[in-house]
There are 2 protein chains.
Amino acid sequence: MSNRDSCIVKHFRHYHPLSDGDRQLLGALEKSPLEVKAGDSLWEERDPAQDFFTLSQGWAFSYRQLEDGARQILEVYLPGDVIGLREYAFHQRLTGVQMIEDGTICRFPHARLTDIFQQSTTLTSILFAMASRQQVLLTERLVNLSRRSARQKLAHFIMEMYERLAKTAGRQEDHSIRLPLSQEMLADVLGLSPVHVSRTFSALDEEGLLHRNRHRLLLPDPAALADAGQFDERYLADSVFAANDAVG
Amino acid sequence: MSNRDSCIVKHFRHYHPLSDGDRQLLGALEKSPLEVKAGDSLWEERDPAQDFFTLSQGWAFSYRQLEDGARQILEVYLPGDVIGLREYAFHQRLTGVQMIEDGTICRFPHARLTDIFQQSTTLTSILFAMASRQQVLLTERLVNLSRRSARQKLAHFIMEMYERLAKTAGRQEDHSIRLPLSQEMLADVLGLSPVHVSRTFSALDEEGLLHRNRHRLLLPDPAALADAGQFDERYLADSVFAANDAVG
DNA sequence: GGTTTACGTTAACTCAGGTTATGTCGGCGC
DNA sequence: GCGCCGACATAACCTGAGTTAACGTAAACC
């Protein structure tokens, strides 16, 4: 509860109240926070997989590099997200992770997850809820990639970021968000070419659904943008309470 | 150990040896096996989410229905797979699930998962490994959908099924598999039109990479097909041992 | 045994988005 | 101020896959 709480503890508390024992257990498992720079790689594909990270500050993304040089960005991580759950059952990393901006991360050793399983049902439930949530985010991204037009893809992704940021960082009065992704990164998220991302941005801008100023995006009418992207926020419905119910 | 073991117990044992206590815990949680018909729906989007199923016999798939009528198939489940982990942290189903063939399923109440967390670290680890594996499968499908040509998509999906079937049902001498999906379903898996699935099948057939006879597929040279689909089986690397390491 | 129905095939045409190439703008070192 | 560099914009052209529609085929039903 004090401000000596680590970033891991803070994040887990965001999901569910923790007992002192839970807090100590989490604290004991983590190594000291690590400062990282924009562009730094947390790991690359095929690296040995032996820990998780929590992202305390800054943005990151995970990606797959294809044989033909294309890169697919799989997930964008915001402060508070846990990174690396995907590879729990694997010895090797299957995806790389890089920082988008300078930030702070906390290491969380893989092998000792069992300590948590043994000692705290609450923490176990939270971890399970996090894994569930990530699978749901990935599912939505998959649908977005396979079945929607460029216009819908972009509108949908921006709405997702808008809502996720609202939950962690609060909402701006002017309905604006800061999205520190280059158009090349957006293309790699959305499965488009950078050129077409630019075209699509211009189209949305002309329609008045979206205005850009460098990395700041203004959404004059979020509901209209959501509509343009077939965005249905149910998949972001906070996962805390369902997990709580199971615990309670 | 006896043939009185339920299908859930069988499946979990496939991941990791279970103590008698673990077996009893699993057995106590499940309801009786349920016979289901091809086309039966296990649930639909927006249904309340309160249990998992294990698939004992038959194939199933999960899907999302889009506003414009398109359907995206997210995952194909084979006998032994656990269905519904995705919605652990949600109150509502976000995807539907239907049977592809007649089969048998076992219900596994959602709310009581906590009993497992409290009583068995082994079972908890297995469940976590299953969730990790599903996220990895989904990741690969996402890459397949967003970054590969129709030819690569089809080749890749068939290779995935070939390898997954090899693990559960063993390998045929003639390198053939039974794939009970209509071309319409394949289209909905791969984000293609049924027409183009047909064209692509014909092209692979002419190249000698694949021969079809109704639902039976013959792969004269699996390595060549894998190559055509940029298929790298690392993402199917059996997840049991990594989880075991954590337990041990 | 003939009709129905579901599933697959083939061909002609269309179009969203990729590709390539060139242009613009803001920041930065000198 | 000048030139460089990275990020974005715009335009012309190309292509893979969607769409539509007509036709085959095979199990299924009376």
Side-chain angles (χ1 to χ4, degrees), chain A residues 38-39 66 68-73 100-101 144-158 178-207 210-218 228-230, chain B residues 37-39 61 66 68-73 98 100-102 144-158 178-207 210-218 228-230:
Chain A
L66 299 227
D68 60 9
R71 177 180 69 169
Q72 177 63 46
I73 293 184
I100 294 173
E101 308 180 292
N144 205 28
L145 278 163
S146 94
R147 292 293 179 184
R148 296 203 248 251
S149 69
R151 190 184 121 101
Q152 292 174 321
K153 285 180 184 182
L154 186 56
H156 189 282
F157 179 74
I158 290 169
R178 193 180 65 89
L179 190 71
L181 304 182
S182 67
Q183 293 192 1
E184 187 185 2
M185 284 178 185
L186 282 170
D188 287 344
V189 172
L190 299 176
L192 297 169
S193 66
V195 174
H196 203 59
V197 169
S198 172
R199 286 194 280 239
T200 308
F201 258 129
S202 303
L204 289 175
D205 199 322
E206 269 174 36
E207 292 175 62
L210 181 62
H211 299 299
R212 287 170 294 158
N213 194 319
R214 315 220 33 85
H215 283 158
R216 184 122 230 129
L217 297 183
L218 196 72
Q230 294 193 350
Chain B
K37 290 281 175 200
F61 67 92
L66 298 226
D68 60 10
R71 177 179 70 170
Q72 177 64 44
I73 293 184
Q98 272 187 29
I100 294 173
E101 305 182 295
D102 295 356
N144 205 28
L145 277 163
S146 94
R147 292 292 179 184
R148 297 205 247 250
S149 69
R151 188 184 123 100
Q152 291 174 321
K153 286 179 184 182
L154 186 56
H156 188 282
F157 178 74
I158 289 169
R178 195 180 64 90
L179 189 72
L181 304 182
S182 68
Q183 292 192 0
E184 186 184 3
M185 285 177 184
L186 282 170
D188 288 343
V189 173
L190 299 176
L192 297 170
S193 66
V195 173
H196 203 60
V197 169
S198 172
R199 287 194 280 239
T200 308
F201 257 129
S202 303
L204 290 175
D205 199 322
E206 269 174 36
E207 293 175 62
L210 180 62
H211 299 299
R212 286 171 295 158
N213 194 319
R214 314 223 29 88
H215 283 158
R216 184 122 231 128
L217 297 183
L218 196 72
Q230 296 192 350

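So you know, we letter chains A, B, ... as the sequences are listed, proteins then strands, and number each from 1. Quick note: numbers below take in every heavy atom, side chains included, and nothing from hydrogens, waters or symmetry partners. In this text, all values refer to a predicted model and were calculated from it rather than measured experimentally.
When rounded to the nearest whole Å, the span between CG of A:L204 and C1' of D:dC8 equals 16 Å. Between A:L186 atom CG and D:dA9 atom P there is a gap of 11 Å when expressed in whole angstrom units. The distance from atom CZ of B:R147 to atom P of D:dG16 is 17 Å, rounded to the nearest whole Å.
Under a cut-off of 6.0 angstrom, the local environment of CD in A:E184 is sparse, with at most 12 non-hydrogen atoms contributed by other residues, nucleotides or ligands. More than 12 heavy atoms of other shown residues, nucleotides or ligands fall within 6.0 angstrom of atom CD in A:E207.
What you find for B:D205 and B:H211 is that their closest heavy atoms are OD1-ND1, 3.0 Å.
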Summarise protein proximity over nucleotides 8-24 of chain C in one line of letters, 5' to 3': B for base, S for sugar-phosphate only, - for none, counting protein heavy atoms closer than 4.0 Å. SBBBB----BBBB----
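The list of salt bridge (Lys or Arg N to Asp or Glu O under 4.0 Å) pairs with a residue in residues 187-198 of chain B, not counting sequence neighbours, reads A:R147-B:D188, B:R71-B:D188.
No side-chain heavy atom of B:F61 sits under 4.5 Å from any side-chain heavy atom of B:L181.
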